[in-house]
Amino acid sequence: MSTNQSTSTGSATDATSAAGVATANTSPGTADGARGLVEHWIAGSPTPGSSTRRGPVWNPATGERQAEVVLGTRADVDLAVQTAAKAFESWREVSVTRRAKILFAFRELVDRHVDDLARIVTAEHGKVLSDARGEVLRGLEVVEFACGIPQLLKGEFSDQVSTGVDAYSFRQPLGVVAGITPFNFPVMVPMWMHPIAIACGNTFVLKPSERDPSASRLVAELWQQAGLPDGVFNVVHGDKEAVDGLLEHPDVAAVSFVGSTPIAKYVHETATRTGKRVQALGGAKNHAVVLPDADLDFAADHITAAGYGSAGQRCMAISAVVTVGSAGDTLVEKLRQRAIDVRVGVGTDDNAEMGPVVTDQARERIVAAIQNGQSEGAALVVDGRGLRVEGHEGGFFVGPSLLDKVTPAMRVYQDEIFGPVLVVVRADTLAEAIEIVNANPFGNGTAIFTGSGEAARTFQRKVTVGMIGINVPIPVPMAFYSFGGWKDSLFGDRHVHGPEGVGFYTRAKAVTSRWPHVEGLSDAAFHFPSSG
């Protein structure tokens, strides 16, 4: 394969260099060349906690260890939870208008620091800067939605349900809630959770991925600058010990999770066993169905971007293409040419369209999946293995790969590869394509490319998938809708953000009231009434 690649020799921006805001405590003498230590954020300040364990933070573009992150203990988790529990006592009493003002201030600060956050994400995740900026902006949409919390928390009222009796309902926060989030969107996915949870009156403990932890530090500082009281938003870094500490902590009322399906099942089972409310979003195998009447150039362009953008490390990435009838050979040729033309390079190169994958282990797993697909009988149309970027030979690069004539029985189809690998499955009819989509255990997102409104309507009604795109390859809903799939892509009753997010982070009370007639006087004021 001859994939075009950028040849910039400038290294990705270091995670400690966000303009004007520290993201790690610099400690040049730390082991293995690490340039900083990423600490917890508890009670409004950084802390190393009680653990002596550390994890590496890699620069995926160079393969170098650029920082270390503390791996928290259960004691660190307990400190964060107790801090949040104490803060909840006063935060829950703050008026919705005051909370909204803080959300608006946070929104302005995030908007001001989009580029700073994007550079941190690129340095630790590897995605190109334009993609990282897009991630921050999509997270910002949820913050903007949460700014409307006074409207979102309005209850219901029924007058005179019986003689002299009224009935009404309102919603209250749960308490301390936790978010456990993945490496692929270190800013956006946590923002699916904490802005809404905090706006609803909860306090929050975030456990971000230990692979790219630094963005959460800047987010914590921006919350503080916005006026959020210390202890309302906390960050605990770590691995399974920290995760289990949150899942089993008696003072955590709810857990939001995004990650792989096996871990989502574990999170759901463990947390619900201890009485918690849980939303656990799992893995995906997202299909794009392409009919012969589609604009095949349009479809190939968008499928290529959806499959290889962010090196395929998206839970909504298109990873399986189902061609229908005569669309097959023509579309595969168009996809082949576009895969070859993808510009692979370091994330800070403005000409790059795709960066490295997050770790060397991820690269090895993706390479093995390509080999397995070929061994199972798939036709390897484009081979991205062995890709090297000049000046960054140690980076975790794997190029766009395309396999044709894949069947649902093959592992390369069944597994969530989470890398820049597209597989093509052939179907004779739309009905057969729908059967293929519905037989898959995942149900996160899917798309159809067609010029037929009838076919699109049939598809959207019959597929057992939670999010559907019609000539839209990555159908991530806007923040005022809710995000979530079906089947093995979601464990729990409610999706994230949007109206279901508000419902998840609150619980309703219904009140029936009667006020008998009494004589009495009340004080009156002549100034204009105000809230606060």
Side-chain angles (χ1 to χ4, degrees), residues 1 182-184 258-266 281-290 303-304 306-324 328 331-332 335-336 339 357-387 396-428 432-447 463-465 485-491:
M1 171 194 163
F183 77 87
N184 58 325
V258 176
S260 69
T261 287
I263 306 303
K265 287 181 178 179
Y266 173 81
L281 280 67
K285 195 74 176 184
N286 303 315
H287 299 72
V289 173
V290 183
I303 290 170
T304 298
Y308 302 134
S310 198
Q313 298 171 128
R314 296 170 174 161
C315 65
M316 288 293 285
I318 292 297
S319 54
V321 182
V322 183
T323 65
V324 177
L331 182 66
V332 168
L335 290 173
R336 183 193 71 82
V357 296
V358 68
T359 63
D360 195 40
Q361 291 80 5
R363 177 176 60 180
E364 292 175 356
R365 176 179 49 76
I366 294 163
V367 166
I370 296 169
Q371 178 60 51
N372 288 340
Q374 192 175 21
S375 300
E376 289 177 311
L380 185 56
V381 179
V382 181
D383 187 356
R385 295 172 294 180
L387 176 67
F396 310 137
F397 291 95
V398 56
S401 299
L402 177 66
L403 292 97
D404 189 16
K405 297 181 172 57
V406 173
T407 70
M410 296 179 182
R411 280 194 57 191
V412 74
Y413 170 82
Q414 295 171 355
D415 294 344
E416 184 185 26
I417 299 173
F418 223 64
V421 181
L422 273 174
V423 303
V424 179
V425 180
R426 306 290 187 114
D428 292 328
E432 183 184 350
I434 291 173
E435 288 178 2
I436 291 170
V437 174
N438 290 348
N440 193 277
F442 298 112
N444 211 40
T446 188
V463 290
T464 53
V465 177
W486 290 10
K487 299 186 290 189
D488 281 357
S489 295
L490 175 71
F491 301 89

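One-based numbering along the sequence shown.
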Could you go through V425 and E432, starting from their C-alpha distance and side-chain angles, then the distance that decides it, and tell me whether this counts as side-chain contact (heavy atoms from CB on, under 4.5 Å)? CA-CA 11 Å; V425 180; E432 183 184 350; over 6 Å; no
Not counting sequence neighbours, which residues clear side chain to side chain donor-acceptor pair (under 3.5 Å) with [X]? List them please.
X    : result
R336 : E333
N184 : none
N440 : Y413

Going through the checks in order, is the side-chain contact (heavy atoms from CB on, under 4.5 Å) test met by V406 and V424? CA-CA 6 Å; V406 173; V424 179; 5.9 Å; no
For [X], enumerate each residue passing the side chain to side chain contact (heavy atoms under 4.5 Å, CB included) test, keeping only those at least two apart in sequence or located in another chain.
X    : answer
I434 : L430, N438, T458, F459, K462, V463
S319 : K285
A433 : V289, V322, V324, A427

Looking at [X] and [Y], what are the two nearest heavy atoms and their distance?
X    : Y    : result
A378 : L403 : CB-CD2, 3.7 Å
A317 : G312 : CB-O, 4.0 Å
A264 : G282 : CB-CA, 3.8 Å
R363 : F397 : CD-O, 3.2 Å
L335 : I303 : CD2-CG2, 4.0 Å
A284 : C315 : CB-O, 3.2 Å

Are the side chains of V357 and P420 in contact, using a 4.5 Å heavy-atom criterion?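 Result yes, sub-4.5 Å side-chain heavy-atom pair found.
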Going by heavy atoms in the side chains, are I366 and F396 under 4.5 Å from each other?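 A side-chain contact under 4.5 Å is absent here.
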If you round to the nearest 0.5 Å, how far is CE of M316 from CD1 of I318?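 That separation rounds to 7.5 Å.
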Is there a donor-acceptor pair closer than 3.5 Å between any side-chain N or O of S401 and the backbone N or O of D383?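 Such a contact is absent between S401 side chain and D383 backbone.
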Indicate yes or no for a side-chain donor-acceptor contact from R365 to the backbone of I417 under 3.5 Å, with no hydrogens or angles considered.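 A pair under 3.5 Å: yes.
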Side chains of residues 367-376: which donor-acceptor pairs under 3.5 Å do they make with residues two or more places apart or in other chains?
unit_1: Q371; atom_1: OE1; unit_2: R385; atom_2: NH1; d: 2.8
unit_1: Q371; atom_1: NE2; unit_2: S375; atom_2: OG; d: 3.1
unit_1: N372; atom_1: ND2; unit_2: A368; atom_2: O; d: 3.3
unit_1: Q374; atom_1: OE1; unit_2: R385; atom_2: NH2; d: 3.4
unit_1: S375; atom_1: OG; unit_2: Q371; atom_2: O; d: 2.9
unit_1: E376; atom_1: OE1; unit_2: R411; atom_2: N; d: 3.1
unit_1: E376; atom_1: OE2; unit_2: R411; atom_2: N; d: 2.9

After noting the C-alpha distance and the side-chain angles of L402 and L422, does the key distance pass the side-chain contact (heavy atoms from CB on, under 4.5 Å) rule? CA-CA 5 Å; L402 177 66; L422 273 174; 3.8 Å; yes
Qualifying salt bridge (charged side-chain N to carboxylate O under 4.0 Å, His left out) pairs with a residue from residues 433-445, counting only residues at least two apart or across chains: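 Applying salt bridge (charged side-chain N to carboxylate O under 4.0 Å, His left out) to every pair that reaches into residues 433-445, excluding sequence neighbours, yields nothing.
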Among N444, D488, L490, which residue satisfies the side chain to side chain contact (heavy atoms under 4.5 Å, CB included) criterion with T261?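 Testing T261 for a side chain to side chain contact (heavy atoms under 4.5 Å, CB included) against N444, D488, L490 leaves exactly one candidate, D488.
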Assess whether side-chain contact (heavy atoms from CB on, under 4.5 Å) is satisfied between F442 and N286, documenting all intermediate values. CA-CA 8 Å; F442 298 112; N286 303 315; over 6 Å; no
